[in-house]
Amino acid sequence: MRIAVLGKLFSHPNFTCDLCGREVFEKEHICADCKEHLPYNNVNFCICCGRRSLHEGYCIECRAHAPRYDFARSAFVYERDAKRMILRLKQGDKYFAETLADFLLPMLVDFPDAQLLAYVPMTEKAEKKRGFNQAKLLCEELSAWSGLPVFGGLSKVKESKMQKSLGICERQKNLKGCFKVTDRRGLKKKHVLLVDDTLTTGATASEIADLLKKAGAKRVYVLTAASVPDRRIDERR
Ligand SMILES: [Zn+2]
Ligand SMILES: [Zn+2]
């Protein structure tokens with residue numbers, strides 16, 4: 001895989017830890033102490049959705065409803081400082097895209113055959129309101145460092161009405177018609193890596209994977225900064 005060292009996409013307040021403010025070496029975003037205590041998602045995870053799970057192999061939800069993506073992985077469990085980093089990114093501290101991408105980049109080895117990056121789109125209205133799409137920022141960071149091109153043919157055409165109480169099946173139904181592949185050029189037979197900030201139930205990722213596959217993609221993998229553990233589902237979008 002090509003690792004291109006390109007210019008930084010965002011100006012980053014250098015020399016202090018993004019989490020505790022302690023002094024760090026140049027180009028480090030998080031100090032060694034904070035790094036040590038991050039909730040890494042590298043043990044006891046479902047081999048399909050990648051969420052922390054008490055079950056070996058597939059978690060209960062993936063056993064009941066196999067997702068349309070091939071498999072998903074996340075750098076962190078959505079809790080403590082990982083949750084804080086994602087919330088700060090969504091609240092407008094865009095340099096957290098770079099901080100989080102530092103942890104996602106080494107994970108690209110889990111997807112050695114990925115040819116194309118994609119990101120979970122927002123509706124035009126929602127993106128305008130926030131001023132940016134955090135999934136796109138993460139995706140662009142990964143593209144800048146890996147050299148993998150970004151697929152821009154996905155759109156979110158209507159807001160999904162999701163409720164905390166809904167199971168994955170109902171969530172899936174509510175997502176129907178929310179996303180669209182508006183331009184399928186360059187997608188045929190490709191292995192796509194879909195990037196997002198958080199995987200909650202995986203219903204969104206599964207719906208988009210379904211659309212990408214129907215539009216010609218051969219495989220769809222998912223990489224998120226964090227994922228919500230099995231049976232601790234909360235709402236974020
Ligand atoms: Zn720190
Ligand atoms: Zn699972």
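Quick caveat: nothing in here was measured; it's all calculated off a predicted structure. Computed from heavy atoms alone, side chains included, the values below leave out hydrogens, waters and symmetry copies. The first residue in the sequence is number 1, and the count goes up from there. Atoms within a ligand are numbered from 1 in the order they appear, just like the ligands themselves.
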*Any Lys/Arg nitrogen of Glu61 or Arg51 sitting under 4.0 Å from an Asp/Glu carboxylate oxygen of the other?*
yes

*Given atoms SG of Cys34 and SG of Cys17, what angle do they subtend at the Zn ion (ligand 1), to the nearest 10 degrees?*
110°

*Main-chain N/O of Glu23 paired with Thr16 side-chain donor or acceptor, under 3.5 Å*: no

*asked:* Angle at the Zn ion (ligand 2), SG of Cys59 to SG of Cys46, rounded to 10 degrees, please.
replied: 110°

*Strictly under 2.8 Å, is any N, O or S atom of Cys48 next to the Zn ion (ligand 2)?*
no

*Could you tell me whether Lys213 and Asp210 make a salt bridge, using a distance below 4.0 angstrom between a side-chain N and a carboxylate O?*
no

*How wide is the angle at the Zn ion (ligand 2) between SG in Cys49 and SG in Cys62, to the nearest 10°?*
110°

*asked:* In this structure, is the centre-to-centre distance between the rings of Phe25 and Phe15 below 6.0 Å?
replied: no

